[in-house]
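Worksheet: one structure, shown below.
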Amino acid sequence: MAKHTGLEGFLVFGAPDIQQPEIDEVTDTMASGWLGTGPKVARFERDFAAYKGLSADHVAAVNSCTAALHVSMIAAGIGPGDEVITTPMTFCATVNAIIHAGATPVLADVDPLTMNIDPDAVATSITPRTRAILPVHFAGRPCDMDALMALSDRHGLKVIEDAAHAIETEYHGRKAGTFGDFGCFSFYVTKNVATGEGGMVTARDEADIHRIKTLALHGMTKDAWHRFGDKGFRHYQVVEAGFKYNMMDLQAAIGIHQLQRVERGWQRRREIWNRYQNAFAGLPVTRPADPEPNTRHGFHLYTLLVDEARCGVSRDHFLEAMTARRIGVGVHYLSIAEHPYYREHFGWRSCDYPAAERIGCQTVSLPLSPKLTDSDVEQVIDAVQSTLEKRG
Ligand SMILES: *Cc1c(COP(=O)(O)O)cnc(C)c1O
């Protein structure tokens, strides 16, 4: 087993693949004395834009995907009285960002096969108050963007893509995060490119990026790098009540080198994903659907559905059994409609989103870090097989 952690012999779920270039760049940043938003953030933005085939004035680095979603919503002009349609099969940050913008989240159920928001369910959720669709490319699988963009055109809705799982994802030859008005990316520790905490916004409209850069730094007109640089002192003006959402050079230092290896990481995860697909073909579990033609799956998560009636083991027992075998597993996700806060405030019932409810009760995510060695992968496979075969 690879030496991942201080947790002796435990295969940590979503372990980041940190290598020497990141460590050297962080040391260099420390030695330079410039820790905050500066030249390394600017470089990371240029590199990320280039990876997405965009020019640098269409991206803005921030300190999380949650922040990216929040400022995108504000830049889209979304606020109180507006409804934003999103998926119940997501991390709570997606929904919280809608709430923090003052708008009302509306859930549209997922397609049971792709686990992505179902365009037909979106269509039936549109009301005169709907202002935006917020699709999530779940596990790195692209949403049906043709159908969603057609709905957006027909009803004049903004589209904000939650691309937290989808840095490498493509749909019909086009990169995730470049379909809608905004794309939001995460560099959280478990994500495909990790900076510890971090995020990026991509926007179709340069003026939106300009606004977002202002919003992400207190609503000030010039960032500190310009203010305190060697180009002469500059006064700043506060033009709106902004937030403290800027990325630091310390974070960008990690991201620059993570991004250089993004394709290598993707290839390794694809290899592991395919290894799992083959290994579990004979088990009484539901494996992920194969990627759709003419798309590129981001392979962020590998999820199995454990149906107690078929497996003879409950999902929660399966989670326990894997952990007992020293393998870190995850649940992505319990349906958003299961959580007490949203139930109380929006009156949601999980039975109104039956596909998400069922997935949420059955889903298990297996380790998929590019750090996994072949023997780590075999160990995961053995643990899954023996847990299910003993019972199934
Ligand atoms: C991780 C994640 C987020 C939040 O990202 P942060 O960078 O941690 O704020 C949002 N949406 C989805 C789908 C995620 O997986």
Side-chain angles (χ1 to χ4, degrees), residues 11 13-14 87-90 109-118 136-144 165-166 168-171 190 192 265-323 325 327-335 354-370 372 374-392:
L11 213 69
F13 182 86
T87 168
M89 191 43 54
T90 188
D109 204 1
V110 296
D111 176 304
L113 273 185
T114 64
M115 306 188 187
N116 275 327
I117 196 164
D118 177 354
V136 177
H137 303 293
F138 177 79
R141 183 188 301 272
C143 291
D144 182 350
H165 301 178
E168 306 93 331
T169 299
E170 295 178 12
Y171 173 86
T190 58
N192 296 352
W266 177 83
Q267 276 162 12
R268 177 61 180 154
R269 293 194 314 276
R270 181 178 60 167
E271 225 169 72
I272 299 169
W273 203 93
N274 286 330
R275 178 80 189 91
Y276 287 158
Q277 275 303 69
N278 293 330
F280 305 141
L283 294 175
V285 286
T286 305
R287 295 169 300 151
D290 286 334
E292 290 71 29
N294 199 11
T295 68
R296 188 181 205 237
H297 197 302
F299 302 119
H300 174 60
L301 296 172
Y302 183 87
T303 66
L304 290 174
L305 297 181
V306 177
D307 175 0
E308 186 166 5
R310 272 175 73 204
C311 298
V313 179
S314 73
R315 189 272 308 273
D316 288 354
H317 177 94
F318 184 87
L319 293 171
E320 295 289 334
M322 292 296 286
T323 311
R325 288 184 159 88
I327 291 169
V329 281
V331 171
H332 302 88
Y333 299 95
L334 279 186
S335 170
E357 181 184 35
R358 185 178 59 85
I359 294 164
C361 293
Q362 299 184 353
T363 191
V364 177
S365 304
L366 301 181
L368 192 62
S369 162
L372 298 179
D374 288 345
S375 89
D376 291 339
V377 174
E378 290 312 312
Q379 196 187 328
V380 175
I381 290 170
D382 283 348
V384 170
Q385 285 173 337
S386 47
T387 303
L388 291 173
E389 277 163 359
K390 215 169 60 190
R391 311 276 177 147

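Note that the coordinates shown come from a computational prediction; the quantities given were computed from them, not determined experimentally. Values below: every heavy atom of this structure, side chains too, minus hydrogens, waters and symmetry copies.
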Which residue, R296, R269, H297, forms the side-chain hydrogen bond (donor to acceptor under 3.5 Å, both in side chains) with E168? R269
Closest approach of V110 to A356 (non-hydrogen atoms, all atoms of both residues): CG2-N, 3.9 Å
Which pairs with one or both residues in residues 274-291 pass salt bridge (Lys or Arg N to Asp or Glu O under 4.0 Å), sequence neighbours excluded? R275-E378
Side-chain donor or acceptor of T169 paired with backbone N/O of G140 under 3.5 Å: yes
With a 4.5 Å heavy-atom cut-off, do V364 and V329 have their side chains touching? yes
What pair of heavy atoms forms the shortest contact from N116 to F138, and how long is it? OD1-N, 2.9 Å
Looking at CG of L366 and CH2 of W273, how far apart are the two atoms once the value is rounded to the nearest 0.5 Å? 12.0 Å
Whether the side chain of S314 engages the backbone of H317 through a donor-acceptor N/O pair (distance < 3.5 Å, no angle test) should be reported. yes
At their closest point, which heavy atom of P142 faces which heavy atom of H137, and how far apart are they? CA-ND1, 3.5 Å
L305 vs I359, side-chain contact (heavy atoms from CB on, under 4.5 Å): CA-CA, chis, key distance, verdict: CA-CA 7 Å; L305 297 181; I359 294 164; 4.1 Å; yes
Pairwise distance CG(L334) to SG(C361) - rounded to 0.5 angstrom: 7.0 Å
So do R325 and T387 actually touch side chain to side chain, heavy atoms under 4.5 Å? yes
How far does CE of M115 sit from OG1 of T90, to the nearest 0.5 angstrom? 14.0 Å
Main chain of A139, side chain of H165: is a donor-acceptor contact present, judged purely on distance under 3.5 Å? yes
If we count only N and O atoms by modelled type, under 3.5 Å, do the side chains of Y171 and N294 hold a donor and an acceptor together? no
Can you tell me how far apart CG (D144) and CD (E292) are? Round to the nearest 0.5 Å. 9.0 Å
Under the side-chain contact (heavy atoms from CB on, under 4.5 Å) rule, what do L372 and I272 come out as? Steps first, then yes or no, please. CA-CA 9 Å; L372 298 179; I272 299 169; 4.1 Å; yes
Hey, are the side chains of R268 and L368 touching, using non-hydrogen atoms and a 4.5 Å cut-off? no
Does the side chain of P288 come within less than 4.5 Å of Q277's, by heavy atoms? yes
Stepwise side-chain contact (heavy atoms from CB on, under 4.5 Å) test for Q379 and D382: CA-CA 5 Å; Q379 196 187 328; D382 283 348; 5.7 Å; no
When rounded to the nearest 0.5 angstrom, what distance separates CE in M89 from CG in D118? 13.5 Å
Of all the heavy-atom pairs spanning L113 and D111, show the shortest one and how long it is. N-OD1, 2.7 Å
State which residues pass ring pair (Phe, Tyr, Trp, His ring centres under 6.0 Å) with Y276; sequence neighbours excluded, sorted by chain then number. F280, Y302
Is there a side-chain contact between D109 and P88, using heavy atoms and a 4.5 Å cut-off? yes
For a side-chain contact (heavy atoms from CB on, under 4.5 Å) check, start with the C-alpha distance between D307 and T286, then their side-chain angles and the critical distance, and finish with the verdict. CA-CA 8 Å; D307 175 0; T286 305; 6.0 Å; no
Please tell me if the side chains of L283 and E389 come closer than 4.5 Å, counting only heavy atoms from C-beta onward. yes
Beyond-backbone contact of P367 with D376, side-chain heavy atoms, under 4.5 angstrom: no
Taking the side chain as everything from C-beta on, heavy atoms only, tell me whether V331 gets closer than 4.5 Å to T363. yes
Between atom OG of S365 and atom NE2 of H300, what is the distance when rounded to the nearest 0.5 Å? 8.5 Å
Taking all atoms of both residues into account, what is the closest heavy-atom pair of L388 and C311, and its distance? CD2-CB, 4.0 Å
Determine the minimum heavy-atom distance between R141 and P291, stating which atoms define it. NH1-CA, 3.8 Å
So, do F13 and H332 have ring centers that fall under 6.0 Å from each other? yes
